[in-house]
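In what follows, a structure is listed as structure tokens, so that the remarks can point back to it.
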Amino acid sequence: MDYDSRKIEKKWQKRWTKDGVFEADPDPSRPKFFLTCPYPYVNGALHIGHGRTYTVADLIARYNRMRGFNVLFPMASHMTGTPIQGMVDRIKSGDQVAMEQYKRDLRLYLETEEEVEAQLAKFIDPWVTARFFAKAIRQDFDALGYSIDWRRKFATGDKTYNQFVTWQYHKFMDKGYIKQGDYPLLYCPNDGNPVGEDDLLEGATAKVKEFTAIKFDFEDGYLVAATLRPETIFGVTNMWIHPTEEYVWALVNGEKWVVSKKAVKKLKLQAKEVEVLETFPGSKIIGKSFQAVHDGHDIPIFPAEFVDPNNATGVVYSVPGHAPFDYIALRDLWEDPSPLKPYGISAEEVRAIEIISMIEMKGYSEFPAKDAVESRNIKSQAQAEELEAATQEIYKAEFYDGVMKDNCMQFSGREIKDVKEDVVKWMKSTNHIDVFYEPDVRPVVCKCGADVQIGVFAGQWFLDYESTGWKDEAWKALNSMDIVPETFRNLFEATFDWLAQRPCARKRGIGTKLPFDEEWIIESLSDSTIYMAFYTISHKITGNKLKPEQLTLSFFDYVFLGKGGIKKTAKETGISEDLLKSMRDEFAYWYPNDQRHTAPSHISNHLSFAIFHHVAIFPEKHWLKCISLNEHVNLEGARMSKSKGNVFPLVEIPQKYGADVYRTYAVSAAEPGSLMDWRERDVPAVRNRLQSFMEIMQKHSTKEPRVYLKKDKPAAITRWLLSKVNSIIESCTQNLDNFRLRDYAIAVTSEMTRAVNHYLRRPEVPKEEREGTLAYVCDVWVRLAAPLIPHTCEEVWSKMDRDGYISLASWPKPDKKLIDPSIEVAHQVVLSTMRDVREIMKLLKDTKAKKVHVYVAPEWMFQALNSVREAELPVIVGTIMKHLMSNPDFRKYGKQVKNIVDRVAKENGLWDHSSSAADEIAVLLGSANYMSEELGLEVVIQNSESPECDPQNKARFALPGRTSLFLE
RNA sequence: GCGGAGGUAGCCAAGCCAGGUUAAAGGCGCAGGACUUAGGAUCCUGUUUCGUAGGAGUUCGCGAGUUCAAAUCUCGCCCUCCGCACCA
């Protein structure tokens with residue numbers, strides 16, 4: 001029997017919407033629960049990975065709703081920043097790849113190719129794109145049964161929302177958290193824009209690498225060499241200049257510098273004023289000398305072909321003792337000084353150069369560069385790869401293990417990893433330092449085809465997370481909030497440590513203008529930090545058609561901070577006092593945000609910013625309470641990516657599998673903290689579990705529920721089921737409270753089914769008792785399952801003729817008096833006995849048994865173990881022996897006591913069993929028919945103290961909770 | 001490079017924080033059985049090795065250590081994944 005999930009799901013979704021079931025308004029009589037999940041970015045279709053996060057959030061919302069909370073779960077759409085704008089630009093320019101990408105998404109929502117083309121043609125306006133996908137995604141969410149209050153939806157591009165972001169930035173400015181300064185980033189000279197990962201044709205992983213530019217005194221200016229190892233200036237023996245490449249004397253910020261001609265453009269991009277005075281081939285200065293930074297002694301300039309004029313300044317200082325490239329270049333000149341002749345440098349002059357050893361390091365000689373070159377057997381400068389490997393080796397080794405030698409002035413004796421910064425500081429104090437940026441990988445190519453450089457933005461706006469006091473407050477918030485799973489707290493802590501200054505405005509994309517400098521647009525991550533507050537009033541802004549200009553700074557001050565007085569605010573904004581008050585009240589009711597649920601990849605930015613921005617703006621009682629996280633989703637073992645084309649769109653889920661099947665899969669396939677794999681192959685199993693649930697419900701839920709108490713003398717297995725079900729209520733509640741969602745889902749879909757199926761197989765239960773009990777179980781079960789599979793459960797609920805929606809029904813409470821651990825333990829005896837019988841039957845092979853004698857341990861053993869349990873003794877043979885032998889009741893069994901104590905020691909402690917032999921016998925007797933049927937044997941239960949039949953003397957092996965057997 | 005997470009049986013995935021009740025939940029796959037015209041449906045059973053009596057051996061990336069006791073704690077090593085700032 002199949003049930004039409006599609007039809008059922010649609011039906012309930014329509015009713016929920018019609019009755020506004022999930023529209024939440026303040027209700028002071030009920031506790032509130034305000035849950036948020038980041039709004040989706042509306043520039044394309046979502047995939048099943050997004051769905052996992054939203055499904056988990058919805059599960060949390062529904063669970064809390066059933067627990068009696070007034071739950072607010074709102075949603076909006078994100079459209080600010082560069083992605084939508086970028087795609088619009090690419091569509092406008094006729095970019096085929098971009099158009100194809102959009103077409104793929106559009107086909108998911110539109111029937112014909114004509115419609116797709118027509119819609120695509122409209123995507124030259126970011127608002128059209130955003131609205132299209134916002135609507136599509138809302139439909140996707142509805143089709144998955146998410147219990148969202150849509151009245152509060154908005155888009156981050158809304159003018160009213162911009163006002164809110166503006167307010168936030170004024171608050172930061174007031175606090176002095178916003179600063180301006182220079183900032184390097186990847187930049188396309190052709191487009192005149194910074195470039196992000198998406199803008200790159202090649203070198204997508206490129207980052208900015210900072211070189212220290214060292215200004216060596218040279219003639220009436222500086223010879224400027226760039227390095228990653230400024231501490232090596234004490235080991236400089238010469239300079240390397242490419243003889244045939246062009247160099248310049250240039251006025252750089254008023255100083256005379258020698259750099260390669262190719263470096264000039266870069267310096268200009270890096271916010272330096274540069275005027276070229278003279279261009280000349282490198283050969284012109286080769287043979288001259290310049291002065292060391294630390295002691296001013298003369299050092300010669302030599303020619304070298306390996307110098308790349310396009311890398312940094314094209315000027316390289318030589319430290320042959322510690323740099324393999326330099327070592328081998330110098331060695332070559334020693335062996336063959338002839339290239340030096342044209343520059344008037346004699347062979348003696350070169351050979352007179354002494355390699356300087358300036359870093360002490362274990363495992364290396366005084367010249368580590370020499371060691372590295374020789375151990376790799378490098379013969380020539382042309383072996384660039386080997387030389388690079390040697391360089392890396394020395395760099396790493398010296399960084400971690402190296403110590404500055406005596407010839408390093410005040411830095412002598414210090415470790416390299418600590419001394420770098422101080423050496424730079426010291427040189428800076430004498431004006432011998434500047435910085436030069438390069439991309440860390442080459443080549444980096446913009447989509448426009450141009451070579452990407454580093455641009456320095458003078459006057460870049462920053463949020464300074466290191467502003468006095470800010471971090472302390474943020475730490476305070478983090479330390480007092482819940483992070484679930486707790487393992488992600490480390491990542492927050494690492495982020496908090498590392499957060500410093502972050503650019504907060506950029507020059508392109510959609511967004512709110514920076515109020516202090518309208519050329520800049522506020523970085524879109526700042527849109528998503530405190531906007532949960534906006535949900536509390538957004539439906540009133542749209543509902544009352546408030547205009548952006550009414551949403552002034554004092555408006556937000558009043559509504560969110562209670563500042564400024566209602567009369568004054570009403571007058572200034574033209575908003576009625578009633579409306580203002582209702583907004584203030586609504587904010588005060590819902591805030592703070594009780595739980596924010598998203599993916600861990602947002603920890604290092606969005607989530608940390610959310611904490612920082614909250615503490616900056618709101619009083620402590622309105623800080624975030626809890627952040628919960630779930631990892632991403634892989635598709636058939638591989639990471640989903642649009643470029644690889646292995647993306648499973650969320651929109652296809654309800655059609656293909658049904659919302660409840662997906663929800664169950666998404667929650668039960670992995671704990672939230674770990675990566676989940678979507679495997680097509682596993683889906684049918686999930687569907688089958690829901691099918692079983694539905695079938696049991698159809699058969700058993702509509703009868704009159706009745707709870708059989710002990711005094712009603714029901715079958716033992718009925719009491720077992722009642723106990724089991726109530727235990728499951730307890731564990732489900734605990735698991736949901738502790739974010740162990742997978743365990744909850746498994747309990748509800750697997751464990752319950754197994755228990756009920758077992759019960760149905762027990763022949764000893766009278767029909768009436770079975771029906772009443774199962775009706776009770778179904779009533780509990782359907783409510784336990786409702787947060788996970790709401791559509792199916794609504795359907796069952798309505799068939800059960802219950803009032804209202806199960807979505808709003810109450811979460812079951814465990815009935816403690818029905819939970820009886822001993823009966824669950826006793827049930828284990830039945831199962832383990834059956835398992836043992838099967839095992840023996842297997843071993844008997846040819847011999848067919850007809851009858852099994854089951855021996856229950858003697859009563860004194862039960863008493864003995866109970867007594868040990870009560871005494872809470874450590875598992876030490878002597879101690880337990882002493883305890884038991886001191887009691888004459890046990891003493892008389894002397895040798896056997898030793899046996900069970902040995903067994904306890906071997907098992908590393910006590911095990912569960914019924915409290916008396918009589919109980920165990922009763923349970924086994926009650927299950928005898930069932931066992932007999934399952935095993936195909938006659939089952940005889942016997943007391944081992946007086947067995948009626950024990951031809952092989954097996955009875956003596958029986959232990960409490962572990963029967964002994966004889967098969968014949 | 002910096003920071004974070006992780007490596008568990010054929011596969012996926014719990015357990016690890018709070019060591020013992022763990023040959024290690026659950027799912028998939030596989031095998032056998034039941035029900036059946038059939039079963040890709042459902043249910044039951046089994047799925048490390050040895051064993052004609054319920055027992056024993058060896059297992060949780062590799063190696064060492066702490067402990068009466070380690071998948072769980074400590075140290076070293078190997079490997080995988082994720083984030084790193086104009087990308088949301």
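Reminder, nothing fancy here: chain letters follow the sequence lines and each chain counts from 1. On a predicted model such as this, the values are computed, not experimentally measured, just so you know.
- To the nearest whole angstrom, the two P atoms, one in B:U59 and one in B:A9, are 15 Å apart.
- In this structure B:A70 sits in no base pair that meets the Watson-Crick or G-U test at under 3.5 Å.
- Using N1 to N3 plus N6-O4 or O6-N4 for Watson-Crick, or N1-O2 and O6-N3 for G-U wobble, each under 3.5 Å, B:A5 pairs with B:U80.
- Listed nucleotides: B:A13, B:U45, B:G4. Nearest to the side chain of A:Ser674: B:A13.
- With distances taken from any side-chain atom of A:Ile746 to the nucleotides B:A41, B:G26, B:C44, the minimum falls on B:G26.
- In this structure, NZ of A:Lys209 is placed 19 Å from P of B:C84, rounded to the nearest angstrom.
- Between A:Asn490 atom CG and B:G4 atom P the separation is 7 Å, expressed in whole Å.
- Applying the ring-ring contact (aromatic ring centres under 6.0 Å, His included) test to A:Tyr744 and every residue at least two apart in sequence or in another chain returns nothing.
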Report each atom pair, protein N/O against N/O of nucleotides 80-83 of chain B, whose distance is under 3.5 angstrom.
{"unit_1": "B:G83", "atom_1": "O2'", "unit_2": "A:Ser604", "atom_2": "OG", "d": "2.9"}

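- A:Arg742 contributes a side-chain N or O that forms a donor-acceptor pair with the base of B:A25 under 3.5 Å.
- Judged by closest nucleotide on RNA chain B, A:Asp682 is the one of A:Tyr930 and A:Asp682 placed further toward the 5' end.
- Atom NZ of A:Lys513 has 12 or fewer heavy atoms from other residues, nucleotides or ligands within 6.0 Å.
- Residue whose closest nucleotide on RNA chain B sits further toward the 5' end, between A:Tyr41 and A:Thr495: A:Thr495.
- Counting any heavy atom pair closer than 4.0 Å across all strands shown, A:Glu636 reaches no nucleic acid atom.
- One side chain, A:Thr963 or A:Thr833, offers a donor N or O that lies under 3.5 Å from an acceptor on the other.
- Nucleotide B:U36 is matched to nothing when pairs are restricted to Watson-Crick or G-U wobble geometry with both distances under 3.5 angstrom.
- Within the nucleic acid shown, A:Val837 has no heavy atom closer than 4.0 Å to any nucleic acid atom.
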Donor-acceptor contacts, no H, no angles, side chain residues 825-832 of chain A, under 3.5 Å, sequence neighbours left out:
{"unit_1": "A:His827", "atom_1": "ND1", "unit_2": "A:Trp720", "atom_2": "NE1", "d": "3.1"}
{"unit_1": "A:His827", "atom_1": "NE2", "unit_2": "A:His758", "atom_2": "NE2", "d": "3.1"}
{"unit_1": "A:Ser832", "atom_1": "OG", "unit_2": "A:Gln828", "atom_2": "O", "d": "3.4"}
{"unit_1": "A:Ser832", "atom_1": "OG", "unit_2": "A:Val829", "atom_2": "O", "d": "3.3"}

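- Between A:Glu486 atom CD and B:A5 atom C1' there is a gap of 15 Å when expressed in whole angstrom units.
- Rounded to a whole angstrom, the distance from the P atom of B:C30 to that of B:A41 is 10 Å.
- Between the side chain of A:Asp464 and the backbone N or O of A:Gln501 there is no donor-acceptor pair closer than 3.5 Å.
- Atom CG of A:Asn630 and atom C1' of B:A13 are 16 Å apart (whole Å).
- One atom, NZ of A:Lys420, and another, P of B:C2, lie 13 Å apart when rounded to the nearest Å.
- Nucleotide B:A31 has B:U45 as its partner under the Watson-Crick or G-U criteria, with both atom distances under 3.5 Å.
- Sorted by first and then second residue, the pairs that involve residues 662-673 of chain A and meet salt bridge (charged side-chain N to carboxylate O under 4.0 Å, His left out), not counting sequence neighbours, are A:Asp58-A:Arg663.
- For A:Glu839, counting side-chain heavy atoms from C-beta on, the closest listed nucleotide (B:G54, B:A14, B:G3) is B:G54.
- Using a 4.0 Å cut-off between charged side-chain N and carboxylate O, A:Glu398 and A:Arg229 make a salt bridge.
- As the counterpart of B:C75, B:G63 is assigned, both hydrogen-bonding distances of the Watson-Crick or G-U wobble pattern falling under 3.5 Å.
- Distance from the side chain of A:Ala494 is smallest to B:G3 among B:C43, B:A14, B:G3.
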Annotated protein contacts, base or backbone, on nucleotides 69-75 of chain B with a non-hydrogen cut-off under 4.0 Å, one of B, S, - each: -------
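- With hydrogens and angles disregarded, no donor-acceptor distance shorter than 3.5 Å links the side chain of A:Lys724 to the backbone of A:Glu751.
- Judged by distance alone, the side chain of A:Ser608 and the main-chain N or O of A:Asn605 form no donor-acceptor pair under 3.5 Å.
- Taking 4.0 angstrom as the limit, A:Arg754 places none of its side-chain polar atoms (N or O) nearer than this to OP1 or OP2 of B:C43.
- Relative to the ring axis of A:Trp461, A:Lys179 does not place its NZ or CZ within 45° and under 6.0 Å from the centre.
- A salt bridge between A:Glu523 and A:Arg506 is present, with a side-chain N of the basic residue lying under 4.0 Å from a carboxylate O of the acidic one.
- With a cut-off of 3.5 Å on both Watson-Crick or G-U wobble distances, the partner of B:A13 is given as none.
- Within the shown strands, nothing qualifies as a pairing partner of B:G54 under the Watson-Crick or G-U definition with both distances less than 3.5 Å.
- Looking at A:Asp89 and A:Gln85, their side chains do bring a donor and an acceptor atom within 3.5 Å of each other.
- Rounded to whole Å, the C1' atom of B:A71 lies 14 Å from the corresponding atom of B:C17.
- Look at CZ on A:Arg838: it is 6 Å from P on B:G46, rounded to the nearest Å.
- As judged by a 4.0 angstrom heavy-atom cut-off over every strand, A:His606 is placed among residues making no nucleic acid contact.
- Comparing the C1' positions of B:U80 and B:U42 gives a spacing of 40 Å, expressed to the nearest Å.
- For B:G7 and B:C60, the P atoms lie 14 Å apart once the distance is rounded to whole Å.
- The same atom, P, is picked in B:C73 and in B:G20; the two are 11 Å apart, to the nearest Å.
- A:Glu421 CD: 12 or fewer foreign heavy atoms inside a 6.0 Å radius.
- Near RNA chain B, meaning a heavy atom under 4.0 Å from it, residues 957-966 of chain A has A:Thr963, A:Ser964, A:Leu965, A:Phe966 in order of number.
- Using a cutoff of 4.0 Å between basic side-chain nitrogens and carboxylate oxygens, A:Glu486 and A:Arg489 are scored as salt-bridged.
- Within 4.0 Å of A:Arg489, counting heavy atoms only, lies no atom of the nucleic acid at all.
- For A:Asp836 and B:G55, the CG to P distance is 7 Å, given to the nearest whole Å.
- In this structure, a donor-acceptor pair under 3.5 Å is present between the side chains of A:Ser528 and A:Tyr39.
- Taking atom P in both B:A25 and B:A13, the straight-line distance is 16 Å, to the nearest Å.
- Across the C1' atoms, B:U48 and B:C44 are found 23 Å apart, a figure rounded to whole Å.
- Using a 4.0 Å heavy-atom cutoff across all strands shown, A:Ser668 reaches no nucleic acid atom at all.
- The distance from atom NE2 of A:His632 to atom P of B:G4 is 19 Å, rounded to the nearest whole Å.
- Closest contact between the side chain of A:Ser692 and the listed nucleotides B:C43, B:G54, B:U45 involves B:C43.
- The side chain of A:Ser750 sits closest to B:G27 out of B:A53, B:G27, B:U42.
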